[in-house]
Amino acid sequence: MKQIAHYEREAEEFIVAMGNHYPITFYTYWDLYLCPVCDQVTLLKTSKNTEERDPVDYTLTPSEIILYPNVSLEDAGIPQKVRKSFEAAMRIKNVEGTLCAIGVRRTLEMMCKDKGARGKDLFHKLKDLSEKGVLPPIINDMAKVLRVLGNEAAHGDDRDFSEEVIESMIRFTHVILDYVYNLPGQLSGIQVKMGKSIENDEVLSEPGPYKQNITVSKDT
C-alpha cells in the first residue's frame, strides 16, 4: 500500500527508582496507507519507548496496532490462533469477499476444534456446541446460512459476496467469539465483585459483641 500521510509524537516522562529519577522517552507514529486494489485507507499506529528494547541488538521494540479499519478483538480469552485467523479475514474484506468468507469459516472451524465440537462439517459442529450449551440455541438458524456461504466460497462457486453479506458474517463471528471466550470471564468477574459486596454488607449489618441499646428520656 502507498503511504499517504505520516505523523510523529515524542514525549518524555520520569520514573523514580532507588531514589533516583530516570527519564523514559515515548515515541508514537501514525501512518495512513492507501490500498491500490480496493481504494480504501488503513491507519497504523506504532508505539515504542526507551525502556522496551530487544535483548540482542538493544533496539527499541515497536508495538503496532491497526486503528482503522477495526480489525482487532477484545482478546482477553480468545486463543491467539483463533484471533489471528479472524483478524486476517477482516483485513481483506474490502479486497476479496470470497477469501474473507473462507477466512471467517476457517476461524469458526478453529473455534469449534478448540471447544471439542463434533460433527462432519461446520454446521454440525456449531449445532453440537449449541446442544452442549456452549452456544445459544439460535445458532442453529445462523449456522445454516454460514454453511451455505462457506461451502460456496471454499468450492469456488460463482457467487457475488456483497459488502452487506460479508459484514453480516463478520459481525456474526465477532459475537460468537465474544460469547464463547470473553463473556464467561466477564460474568465471572461481575459475580465475584457482587459476592464480595454482599459479604461486606452482611458484615456491616451484623451487631457487634459490644452493641448497646441506649434509651434517651424525653425529659433530657
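Keep in mind that the numbers below use all heavy atoms, side chains included, and drop hydrogens, waters and symmetry copies. Residue numbers run from 1 in the order of the sequence given.
Applying the side chain to side chain contact (heavy atoms under 4.5 Å, CB included) test to Ser47 and every residue at least two apart in sequence or in another chain returns Thr28, Lys45. The salt bridge (charged side-chain N to carboxylate O under 4.0 Å, His left out) test applied to Glu51 returns no partner, not counting sequence neighbours. By the side chain to side chain contact (heavy atoms under 4.5 Å, CB included) test, Leu43 pairs with Trp30, Leu32, Leu67, Tyr68, sequence neighbours left out. Partners of Lys48 by salt bridge (charged side-chain N to carboxylate O under 4.0 Å, His left out), not counting sequence neighbours: none found.
Counting only heavy atoms from C-beta outward, the side chains of Asp114 and Lys81 never approach each other to under 4.5 Å. By the 4.5 Å heavy-atom criterion applied to side chains, Leu177 and Thr107 are counted as neighbours. Using a 4.5 Å cut-off on side-chain heavy atoms (C-beta onward), Val134 and Tyr179 make no contact.
His174 and Phe86 get closest at one heavy-atom pair: N-CZ, 3.8 Å. Heavy-atom minimum distance, Val180 versus Met111: CG2-SD, 4.2 Å. Ser130 and Pro136 get closest at one heavy-atom pair: OG-O, 3.2 Å. Across Tyr181 and Val82, no two heavy atoms sit closer than the pair OH-CG2, 4.3 Å. The two residues Cys112 and Lys125 come nearest to each other via the heavy atoms SG-CB, 3.8 Å. The two atoms that bring Thr61 and Arg53 nearest to each other are OG1-C, 3.3 Å, heavy atoms only.
Side-chain N or O atoms of Asp128 include none that pairs as donor or acceptor with a backbone N or O of Ala117 at under 3.5 Å. Side-chain atoms of Thr25 never come within 3.5 Å of backbone atoms of Thr50 as a donor-acceptor pair (strictly under, hydrogens ignored). Lys127 places no side-chain N or O within donor-acceptor distance of the main-chain N or O of Gly119, the cut-off being under 3.5 Å. In terms of modelled atom types and a separation under 3.5 Å, the side chain of Thr173 and the main chain of Met169 share a donor-acceptor contact.
Under a 4.5 Å side-chain heavy-atom cut-off, the cluster of Ile, Leu, Val, Met, Phe, Trp and Tyr residues that includes Ile15 is completed by Tyr22, Ile24, Phe26. Other residues sharing the hydrophobic cluster of Val56, ordered by chain and number and joined by side-chain separations under 4.5 Å: none, the residue standing alone.
In this structure, Met90 CE and Ser85 OG are separated by 10.0 Å, a value rounded to the nearest 0.5 Å. Within the model, atoms CD of Gln3 and OG1 of Thr42 stand 12.0 Å from one another, a figure rounded to the nearest 0.5 Å. If you take CG on Asp31 and CD on Glu8, they are separated by 8.5 Å, rounding to the nearest 0.5 Å. Atom NZ of Lys84 is separated from atom CE of Met110 by 12.0 Å, given to the nearest 0.5 angstrom. For the atom pair CG (Leu99) and CD1 (Ile92), the distance works out to 4.5 Å, reported to the nearest 0.5 Å. Considering CD1 of Ile78 and CG of Asp178, their distance stands at 6.0 Å, rounded to 0.5 Å.
A side-chain contact (heavy atoms from CB on, under 4.5 Å) with Tyr27 holds for exactly one of Thr46, Asn49, Leu60; it is Leu60.
Residue Lys113 qualifies as open at atom NZ: its count of foreign heavy atoms under 6.0 Å is 12 or below. The number of heavy-atom neighbours closer than 6.0 Å to CD of Gln80, taken from other residues, nucleotides and ligands shown, is 12 or below.
The hydrophobic cluster containing Val175 does not contain Leu135, counting ILVMFWY residues as joined when their side-chain heavy atoms lie under 4.5 angstrom apart, directly or transitively. No path of Ile, Leu, Val, Met, Phe, Trp and Tyr side chains, each step under 4.5 Å between heavy atoms, connects Tyr29 with Tyr33, placing them in separate hydrophobic clusters.
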